Amino acid sequence: MDRRLSLAAALLVVLNGCNATPESASAVDAQPQPDLLTQAPWNQLNRPVPLYPIEAARAFETGCATVAYTLSPDGSVSDIEVVQQDNRHFGKAAKGAVRRWDWPSLPQQTLQQPVRVQTRFDFCFETERDGQRCDALTETFTCPGKDRLASIASVKVRP
């Protein structure tokens with residue numbers, strides 16, 4: 001009888017453990033710090049901007065996308081989501097860029113716990129003929145975020 005009771009208790013513990021679905025530490029414990037990446041050593045991280053989405057370039061569309069994501073102490077990035085986007089192509093390009101950044105190159109122990117950050121990506125054209133600069137145009141974009149990167153397409157206008 002004691003053996004059956006022990007076996008039943010062990011089985012219950014195993015089944016209960018299988019039933020539990022632990023949430024990722026990043027989703028539960030991440031502290032929101034949306035402007036963290038504007039500070040050292042983060043601002044020294046090699047973060048190539050995304051290529052201008054070809055679909056948006058063909059339509060001569062400009063705009064922005066802000067993505068939020070969780071950084072963990074081990075240098076991994078997770079829970080990447082689009083917070084706001086002017087165009088779905090911009091959001092997709094922004095998420096892809098964040099995935100490709102070299103997070104593990106940061107010094108160990110840069111973070112003590114997971115943090116939630118966000119980056120704004122601006123997508124615009126600069127033209128030779130009228131001298132349009134992206135700086136002036138991106139001030140009109142409405143996506144949130146102080147950590148900003150620009151994907152600039154140059155347009156050469158034929159005379």
Side-chain angles (χ1 to χ4, degrees), residues 20-159:
T21 53
E23 295 184 42
S24 70
S26 61
V28 175
D29 300 328
Q31 299 297 315
Q33 295 187 14
D35 300 328
L36 177 73
L37 300 182
T38 62
Q39 306 162 16
W42 303 99
N43 58 1
Q44 298 167 12
L45 179 67
N46 182 17
R47 301 185 300 159
V49 296
L51 293 176
Y52 210 99
I54 192 70
E55 300 87 351
R58 285 184 181 142
F60 213 70
E61 295 176 326
T62 61
C64 58
T66 297
V67 293
Y69 44 98
T70 301
L71 299 175
S72 297
D74 66 0
S76 64
V77 62
S78 61
D79 305 320
I80 303 170
E81 65 179 340
V82 176
V83 174
Q84 186 174 333
Q85 62 187 357
D86 290 342
N87 173 309
R88 67 183 172 89
H89 302 298
F90 297 152
K92 183 178 178 182
K95 284 175 71 171
V98 170
R99 283 189 193 101
R100 287 187 300 277
W101 291 343
D102 188 20
W103 298 107
S105 70
L106 286 169
Q108 292 294 321
Q109 306 302 318
T110 301
L111 290 175
Q112 303 304 314
Q113 62 185 14
V115 294
R116 189 83 176 148
V117 296
Q118 65 182 29
T119 300
R120 171 179 154 170
F121 294 86
D122 294 333
F123 296 86
C124 62
F125 291 94
E126 290 190 343
T127 59
E128 288 179 345
R129 185 175 8 172
D130 62 8
Q132 175 182 322
R133 300 270 316 147
C134 285
D135 300 349
L137 182 61
T138 59
E139 294 303 318
T140 65
F141 295 164
T142 60
C143 296
K146 290 183 182 174
D147 178 42
R148 294 169 51 180
L149 298 174
S151 181
I152 301 170
S154 294
V155 178
K156 294 185 179 183
V157 181
R158 293 185 183 146

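Nothing here was measured: the structure is a model prediction, and the numbers come from that model. All heavy atoms count here, side chains included; hydrogens, waters and symmetry mates do not.
- For R148, the salt bridge (Lys or Arg N to Asp or Glu O under 4.0 Å) criterion is met by D122, E139, not counting sequence neighbours.
- K146 has its side chain out of reach of L37: every pair of non-hydrogen atoms, C-beta onward, lies at least 4.5 Å apart.
- Between Q31 and R116 the shortest side-chain heavy-atom distance does not fall below 4.5 Å.
- Smallest separation of non-hydrogen atoms from Y52 and A153: CD1-CB, 3.8 Å.
- Put simply, the side chain of Q118 does not reach to within 4.5 Å of the side chain of V67, judged on heavy atoms.
- Taking each heavy atom of T70 and P114 in turn, the nearest pair found is CG2-CB, 4.0 Å.
- A salt bridge is absent between E55 and K92; no separation between the charged side-chain nitrogens and carboxylate oxygens falls under 4.0 Å.
- Between A97 and P48, the shortest heavy-atom distance links the atoms CB-O, 4.2 Å.
- Here the closest heavy-atom approach between residue D86 and residue C143 is recorded as OD1-SG, 4.3 Å.
- How far CG of D74 is from OG1 of T110: 11.5 Å, rounded to the nearest 0.5 Å.
- When side chains are defined from C-beta on, L71 counts as touching V77, because their heavy atoms get closer than 4.5 Å.
- Enclosure of atom CG in L51 is not indicated, since only 12 or fewer non-hydrogen atoms of other residues, nucleotides or ligands lie within 6.0 angstrom.
- A donor and an acceptor atom, one from each side chain of T119 and D147, are located under 3.5 Å apart.
- For the atom pair OG of S72 and CG of L111, the computed distance is 8.0 Å after rounding to the nearest 0.5 Å.
- The two residues R99 and I80 make their nearest non-hydrogen contact at CG-CD1, 3.5 Å.
- The heavy-atom pair separating V83 from A68 by the smallest distance is CG2-CB, 3.6 Å.
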Next on the checklist: Could you walk me through whether Y69 and D79 satisfy the side chain to side chain contact (heavy atoms under 4.5 Å, CB included) test, starting with their C-alpha distance in whole Å, then the side-chain angles of each, then the deciding distance to 0.1 Å, before giving a yes or no?
Outcome noted: CA-CA 5 Å; Y69 44 98; D79 305 320; over 6 Å; no
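- The aromatic rings of F90 and F123 sit parallel, their planes meeting at an angle under 30°, below the 60° perpendicular limit.
- The structure places CZ of R100 at 13.5 Å from CZ of R47, a figure rounded to the nearest 0.5 Å.
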Item to check | Test log, rule side-chain hydrogen bond (donor to acceptor under 3.5 Å, both in side chains), inputs Q84 and T142 | outcome: CA-CA 9 Å; Q84 186 174 333; T142 60; 3.2 Å; yes
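- Side-chain atoms of W103 come within 3.5 Å of backbone N or O of V98 as a donor-acceptor pair.
- In this structure, the side chain of S151 does not engage the main chain of V49 through any donor-acceptor pair within 3.5 Å.
- Taking the side chain as every heavy atom from C-beta outward, P73 and Q112 never approach each other to under 4.5 Å.
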